[in-house]
S.K.: 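Take a look at this one; I'll ask things after.
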Protein chains: 2
Amino acid sequence: MEFLDVLKALGDENRIRIINLLRQEALCVCELEVILNLSQSNASRHVTKLKNAKLIIGEKKAQWIYYRLDRNILEKFSFLNALFHEDLTRLQQCQADLLQLKKHKESGIGCEELTENKTMRL
Amino acid sequence: MEFLDVLKALGDENRIRIINLLRQEALCVCELEVILNLSQSNASRHVTKLKNAKLIIGEKKAQWIYYRLDRNILEKFSFLNALFHEDLTRLQQCQADLLQLKKHKESGIGCEELTENKTMRL
DNA sequence: TGATTATATGCAATTTTACTCATTTACGTC
DNA sequence: GACGTAAATGAGTAAAATTGCATATAATCA
C-alpha cells in the first residue's frame, strides 16, 4: 500500500521536522542540514524517503533542489491536512524549528543569498 | 514526543488493519488473531504497541480483554479523526478485513459466543 | 484440583531502518 | 579545465522492529 509508505515516512522525528519546515517554505537539503543539524547524507536520505512516499517534490534551480510539500498527496489522504496544519503546529520541537528557520533566513547566510552576495560583490 | 509514538505505531500494516477493525467494534486478541490470520504472540504484541501509544484501551471481561479505540487520543490529535473515519475506509485491505470481521461474527464461532453456546448446552 | 483458554512476555533469529564516511555526479564560478 | 558547492548513493555498522517458539500468568470450566 502506498498509504503505508506515507505513514512509515512520517514515523521518524527528523522527517517530521523536515515536513514541518517545508510546510512553511521550500528549502534545499543544505538548508535543512544546517537548521536541523543533520549530516549531509542523513538529510539527503530523509528527503529521499519523503520524496519516495510522494509527500514532497523537488524543483531544481541552478545547483540547488528546492523541496516543498506535494499538494497532490494532501488531496489524496485527508488526514495529512489536519496533521500538517493543526497537529504539527502544536509541537514544541516544530515551533522551535520554525524559529531556527526564521533565524537562518534572516542571517543571510542561506545558500542562495551567499551566492547572490558573491555575485553582487563582483 | 508521544506524538511520534503514535505515528510509529501507525506505520505498520498489521496495526493499521487492527485499528481498522477496532474502529468498527471492540475485539479481543483471539478474534484479531483469527480475522487477520496472525500468530497469537504477534497479534498480542501489535495490540500492546497500539496500547502503549494510547491509541487503544482494553477492558477486561471474564478471560477476555476487549480492545477498542481510545477516544481521548482522537481529541488530542485531530489528524486521527480523518485518518480513521475517511482514509482507512477507502483502503481495499481494510474493506476486505471488515467483510472478514462480519463473516467471523456471523459464523458464531467467536470466542464469547462459543462459550455462551457451551453454557447454553448445559 | 486439574484442564482449558486468553493474553502477555523472555529469548533468539531475521529483517528493516538510521546513520556515518567516502565517493560520485551535477552544476556553477573563476 | 580546475575548483567549489549541492545532492545522491554505495558500503559498512549499529540500533530498532518484527516475528516465532516456548513459557508464564490469569481466568474459567469441569
Side-chain angles (χ1 to χ4, degrees), chain A residues 4-5 7-18 22 26-53 56-68 109-122, chain B residues 4-18 22 26-53 56-67 109-122:
Chain A
L4 265 176
D5 294 328
L7 282 178
K8 282 185 185 173
L10 293 172
D12 176 272
E13 178 166 2
N14 287 326
R15 288 194 292 271
I16 282 291
R17 293 174 73 189
I18 289 173
L22 299 188
L27 295 167
C28 44
V29 173
C30 59
E31 289 173 307
L32 292 169
E33 199 183 322
V34 173
I35 299 171
L36 299 179
N37 193 31
L38 300 173
S39 73
Q40 187 275 320
S41 66
N42 199 16
S44 173
R45 284 207 153 87
H46 282 305
V47 163
T48 299
K49 203 147 203 180
L50 291 171
K51 193 173 56 182
N52 289 341
I56 65 175
I57 50 176
E59 199 179 336
K60 190 141 193 169
K61 265 192 198 177
Q63 72 263 54
W64 299 282
I65 302 176
Y66 283 87
Y67 289 97
R68 56 179 172 77
I109 50 169
C111 51
E112 190 155 4
E113 291 82 352
L114 203 66
T115 308
E116 278 169 6
N117 289 341
K118 268 186 193 168
T119 307
M120 283 190 269
R121 266 193 243 114
L122 291 179
Chain B
L4 265 175
D5 294 328
V6 170
L7 282 178
K8 282 185 187 176
L10 294 172
D12 176 273
E13 177 166 3
N14 287 326
R15 288 194 292 271
I16 282 291
R17 294 174 72 189
I18 290 173
L22 299 188
L27 296 167
C28 47
V29 173
C30 60
E31 289 173 307
L32 292 170
E33 198 182 323
V34 173
I35 300 170
L36 299 179
N37 192 31
L38 300 174
S39 74
Q40 188 275 320
S41 67
N42 199 14
S44 173
R45 284 207 156 85
H46 283 305
V47 163
T48 299
K49 203 147 202 179
L50 291 171
K51 194 173 56 181
N52 288 342
I56 66 177
I57 50 177
E59 199 178 335
K60 190 142 194 169
K61 265 193 198 177
Q63 70 265 52
W64 299 281
I65 302 176
Y66 284 86
Y67 289 98
I109 51 170
C111 51
E112 191 155 4
E113 290 83 350
L114 202 66
T115 308
E116 278 168 6
N117 290 342
K118 269 186 193 167
T119 308
M120 283 190 270
R121 267 192 242 116
L122 291 180

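Per chain, numbering begins at 1; letters A, B, ... match sequence-line order. All values reported here derive from a predicted model rather than from experimental measurement.
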S.K.: What I'd like to find out is whether the side chain of B:Y67 reaches to under 4.5 Å of the side chain of B:E31, using heavy atoms alone.
M.R.: no
S.K.: Whole Å only: how far is the NZ atom of A:K60 from the P atom of D:dA6?
M.R.: 13 Å
S.K.: Given D:dT18, C:dA8, D:dA8, which nucleotide is nearest the side-chain atoms of B:S44?
M.R.: C:dA8
S.K.: In whole angstroms, how far is the C1' atom of C:dC21 from the CD atom of A:E33?
M.R.: 14 Å
S.K.: Atom pairs under 3.5 Å, N or O on each side, protein against nucleotides 10-14 of chain C: can you list them with distances?
M.R.:
residue: C:dG10; atom: N7; partner: B:R45; partner atom: NH2; Å: 3.0
residue: C:dG10; atom: O6; partner: B:R45; partner atom: NH1; Å: 3.1
residue: C:dG10; atom: O6; partner: B:R45; partner atom: NH2; Å: 3.0
residue: C:dC11; atom: N4; partner: B:R45; partner atom: NH2; Å: 3.2

S.K.: Give the rounded distance in Å between these two atoms: CG of B:N42 and P of C:dT15.
M.R.: 15 Å
S.K.: Please tell me if B:Y67 has a side-chain N or O lying less than 4.0 Å from either OP1 or OP2 of C:dA6.
M.R.: no
S.K.: Under the criterion side-chain contact (heavy atoms from CB on, under 4.5 Å), I'd like the reasoning laid out for A:I65 against A:E59: C-alpha separation, chi angles, the key distance, then a yes or no.
M.R.: CA-CA 5 Å; A:I65 302 176; A:E59 199 179 336; 5.9 Å; no
S.K.: I want to check something: taking the side chain as every heavy atom from C-beta on, are A:R17 and A:E13 in contact at a cut-off of under 4.5 Å?
M.R.: yes
S.K.: So do the side chains of A:S44 and A:T48 get within less than 4.5 Å of each other, counting heavy atoms only?
M.R.: yes
S.K.: Check B:L10, B:L50, B:V47 against B:R15 for a side-chain contact (heavy atoms from CB on, under 4.5 Å) and give me the one that passes.
M.R.: B:L50
S.K.: Using a cut-off of strictly less than 4.0 Å, decide whether B:S39 has a side-chain nitrogen or oxygen near OP1 or OP2 of D:dT19.
M.R.: no
S.K.: Return the value, rounded to whole Å, for the distance between atom OH of B:Y66 and atom C1' of D:dA27.
M.R.: 13 Å
S.K.: A side-chain contact here means heavy atoms from C-beta on lying under 4.5 Å apart; do A:L36 and A:I18 qualify?
M.R.: yes
S.K.: Check the distance between D:dA7's C1' and A:I56's CD1 and give it to me in whole angstrom.
M.R.: 13 Å
S.K.: Would you mind reading off the distance between A:K49 atom NZ and D:dT9 atom C1', rounded to a whole angstrom?
M.R.: 15 Å
S.K.: What is the distance, to the nearest angstrom, from the CD atom on A:Q40 to the P atom on C:dA26?
M.R.: 16 Å
S.K.: Please tell me which of the listed nucleotides, C:dA6, C:dA18, D:dA8, lies nearest to the side chain of A:I65?
M.R.: D:dA8
S.K.: Specify the separation, in whole Å, of atom NE2 of A:H46 and atom C1' of D:dA7.
M.R.: 15 Å
S.K.: Check the phosphate of C:dC27 against A:K61, side-chain N and O only, distance under 4.0 Å to OP1 or OP2. Yes or no?
M.R.: no
S.K.: Nearest-nucleotide wise, let me know which of B:T48 and A:R15 is further upstream toward the 5' end of DNA chain C.
M.R.: B:T48
S.K.: Run the side-chain contact (heavy atoms from CB on, under 4.5 Å) check on A:K51 and A:I56 step by step: do they pass?
M.R.: CA-CA 5 Å; A:K51 193 173 56 182; A:I56 65 175; 4.2 Å; yes
S.K.: Nearest to the B:A62 side chain among C:dA8, D:dT18, D:dT28, which nucleotide is it?
M.R.: D:dT28
S.K.: Which nucleotide, C:dT17, C:dT7, D:dT19, lies nearest any side-chain atom of A:K8?
M.R.: C:dT17
